[in-house]
Amino acid sequence: MTTSASPGPQGAIDAPLVARTVSVDVSELDALGSLLDLLPPDHPVSWLRRGEGLVGWGCAAQVRTAGPARFSDAAKWWEETTARSVVRDEVEEPGTGLVCFGTFAFADEPGDSVLQVPSVVVGRRGDRAWMTVVGRGSLENLEPRLSPAVAPDAPAGITFADGALNSEEWMSAVADAVSRIGGADLEKVVLARDLVATADEDVDVRWPLQRLAAAYPMCWTFHVDGMFGATPEMLVRRERGLVTSRVLAGTIRRTGDDERDLALAATLARSSKDLEEHEYAVRSVADALEPHCSSMNVPEAPFVLHLPNVMHLATDVAGVVHDAQTVSSLDLAAALHPSAAVGGTPTPEATALITEIERMDRGRYAGPVGWMDASGDGEWGIALRSGTVDGPSVRLFAGCGIVADSDPEAELAEAQAKFVPVRDSLAT
Ligand SMILES: C=C(O[C@@H]1C=C(C(=O)O)C=C[C@H]1O)C(=O)O
């Protein structure tokens with residue numbers, strides 16, 4: 001575990017964090033554009049849906065963790081950091097006061113995860129808006145002030161290439177997985193592939209973020225430490241004792257023809273292959289949440305979630321937690337990860353097969369990404385429809401749940417459709 005922080009003008013690196021949250025007039029915020037328009041290029045973070053949520057920038061403190069203890073090490077650091085901090089919060093909503101943003105590796109090894117505390121966070125929820133400034137030293141030195149940022153440039157000269165496996169190789173991996181499912185204890189495994197986009201110059205992540213938020217308003221547009229995307233899947237949200245999770249599994253591509261898409265949605269809702277795959281995913285989430293809840297609601301049948309590129313079978317699981325004092329939203333995310341939506345069923349067999357046949361490091365793709373406040377409330381999505389930006393290069397990821405009667409060609413087409421959000425977001 002490594003920690004670092006910018007000492008700022010007023011304090012030593014190990015001095016406690018000080019934070020001040022003030023209310024912001026929504027009309028003042030609107031006059032500056034969307035929340036994303038406020039983001040400067042310095043450590044931008046985002047968690048936005050339908051124009052609401054959180055953006056932040058600068059880095060007041062951070063911790064990097066790795067390995068099987070990546071979640072618990074980060075959670076411990078957050079607990080210690082918030083316990084030492086001095087906070088003046090004039091708003092007191094979930095997401096005010098000290099807030100951290102995190103992105104966690106999918107796998108135990110090699111693993112590379114981070115929790116960051118931005119020096120400025122701006123939040124919006126309905127008709128309430130706020131701004132938090134974080135530093136070290138004296139609260140009185142913190143001056144919350146909003147201003148628009150210089151707009152990002154479009155990425156230039158983007159070209160795409162196969163990542164670890166080309167299409168043919170990936171289809172053989174899928175066929176291999178199907179044959180293994182027939183035999184052993186394995187019911188479902190999620191296989192992913194990657195593409196690599198290369199630009200002429202460093203990619204400014206604020207560009208794809210703006211495009212994703214505009215094209216996928218019903219998804220959570222996120223960015224933390226190079227990991228960005230627009231995910232439709234909420235691993236866990238905890239707010240004032242209520243926990244919810246949006247489980248997706250079972251996918252069909254959209255055709256662009258609304259009438260045909262409605263017919264396809266009806267087919268999806270009746271498809272026994274997809275319903276079975278969905279059932280595994282819901283069960284894995286409900287089982288992991290159950291020990292933390294005094295009551296739960298797990299709908300019996302899924303609904304169809306319509307996105308611009310694909311449609312999914314979706315179930316919203318909800319519960320009342322009894323251990324909010326001792327178990328944070330990040331602890332819940334750790335307990336849920338990897339759900340059957342991104343790992344498979346049973347988890348140990350599925351993750352072992354992923355390591356064996358996927359032939360790439362997922363990095364933080366399909367890991368939890370999101371934010372948490374000092375009370376432990378927060379939102380952790382699954383980093384899907386996502387990419388990792390590193391200088392001029394962006395690695396895009398997409399995966400599909402493979403079950404006994406999966407067809408490799410259909411799965412390849414589904415993966416292509418799942419690349420669309422990030423691929424299009426890099427266009428000029
Ligand atoms: C793995 C991904 O998506 C997951 C797999 C799905 C499926 O196989 O039907 C659907 C939604 C997600 O839970 C991805 O987008 O990369």
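The structure displayed is predicted, hence computed values, not measured ones. Hydrogens, waters and symmetry mates are skipped; everything else that's a heavy atom, side chains included, is used.
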In plain terms, say whether [X] and [Y] are close enough for a salt bridge, that is, a side-chain N and a carboxylate O under 4.0 Å apart.
X      : Y      : answer
Glu93  : Arg128 : yes
Arg362 : Asp194 : no
Asp30  : Arg124 : yes
Arg211 : Asp424 : no
Asp225 : Arg364 : yes
Glu356 : Arg180 : yes

Pairs meeting criterion salt bridge (charged side-chain N to carboxylate O under 4.0 Å, His left out) with involvement of residues 38-58, two or more places apart: none
Within residues 334-349 or reaching into it, pairs that qualify as salt bridge (charged side-chain N to carboxylate O under 4.0 Å, His left out) - sequence neighbours excluded: none
Without swapping roles, check the side chain of [X] against the backbone of [Y] for a donor-acceptor pair under 3.5 Å.
X      : Y      : answer
Ser85  : Thr82  : yes
His278 : Ala281 : no
Asp37  : Ser34  : yes
Ser46  : Leu48  : no
Asp261 : Thr255 : yes
Arg253 : Gln416 : no
Ser172 : Glu168 : yes
Arg193 : Ala164 : no
Ser113 : Ala105 : yes
Glu277 : Ala249 : no

Candidate pair Arg395 and Leu195, rule side-chain contact (heavy atoms from CB on, under 4.5 Å), full reasoning: CA-CA 6 Å; Arg395 211 170 141 220; Leu195 295 179; over 6 Å; no
Pairs involving residues 313-367, ordered by first then second residue, that meet ring pair (Phe, Tyr, Trp, His ring centres under 6.0 Å) (sequence neighbours left out): Phe71-His337, Phe106-His337, Tyr365-Phe397
More than 12 non-hydrogen atoms from neighbouring residues, nucleotides or ligands closer than 6.0 Å to [atom1] on [X], yes or no?
X      : atom1 : result
Asp127 : CG    : no
Glu259 : CD    : no
Asp405 : CG    : yes
Glu290 : CD    : no
Arg125 : CZ    : yes

Within the 4.5 Å heavy-atom criterion, are [X] and [Y] side-chain neighbours or not?
X      : Y      : value
Trp78  : Val117 : yes
Phe222 : Thr231 : yes
Phe228 : Pro208 : yes
Val63  : Val114 : no
Val55  : Val45  : no
Pro40  : Trp57  : yes
Phe104 : Leu330 : yes
Cys219 : Leu307 : yes

With Glu233 via salt bridge (charged side-chain N to carboxylate O under 4.0 Å, His left out) - residues at least two apart: none
Contacts of type salt bridge (charged side-chain N to carboxylate O under 4.0 Å, His left out), residue Asp361, not counting sequence neighbours: none
Locate the shortest heavy-atom distance separating [X] from [Y]; write the atom from each residue and the value.
X      : Y      : value
Leu35  : Gly53  : CD1-O, 3.8 Å
Ala415 : Cys400 : N-SG, 3.7 Å
Leu191 : Trp170 : O-CZ2, 3.3 Å
Val122 : Leu146 : CG2-CD2, 3.7 Å
Ser328 : Arg238 : CA-NH1, 3.7 Å
Ala230 : Tyr216 : CB-CB, 4.1 Å

Stepwise side-chain contact (heavy atoms from CB on, under 4.5 Å) check, Arg64 with Asp112: CA-CA 7 Å; Arg64 289 188 178 270; Asp112 166 35; 3.8 Å; yes
Polar side chain donor-acceptor pair, Asp89 to Thr96, under 3.5 angstrom: yes
Between Asp373 and Ser375, a side-chain donor and acceptor under 3.5 Å: yes
Salt bridge (charged side-chain N to carboxylate O under 4.0 Å, His left out) between Glu411 and Lys273, worked out: CA-CA 13 Å; Glu411 300 300 337; Lys273 166 192 173 283; 3.7 Å; yes
Pairs flagged by side chain to side chain donor-acceptor pair (under 3.5 Å) wherever residues 379-389 is involved - sequence neighbours left out: Trp47-Glu379, Arg237-Glu379, His312-Arg385, Ser329-Trp380, Trp371-Glu379
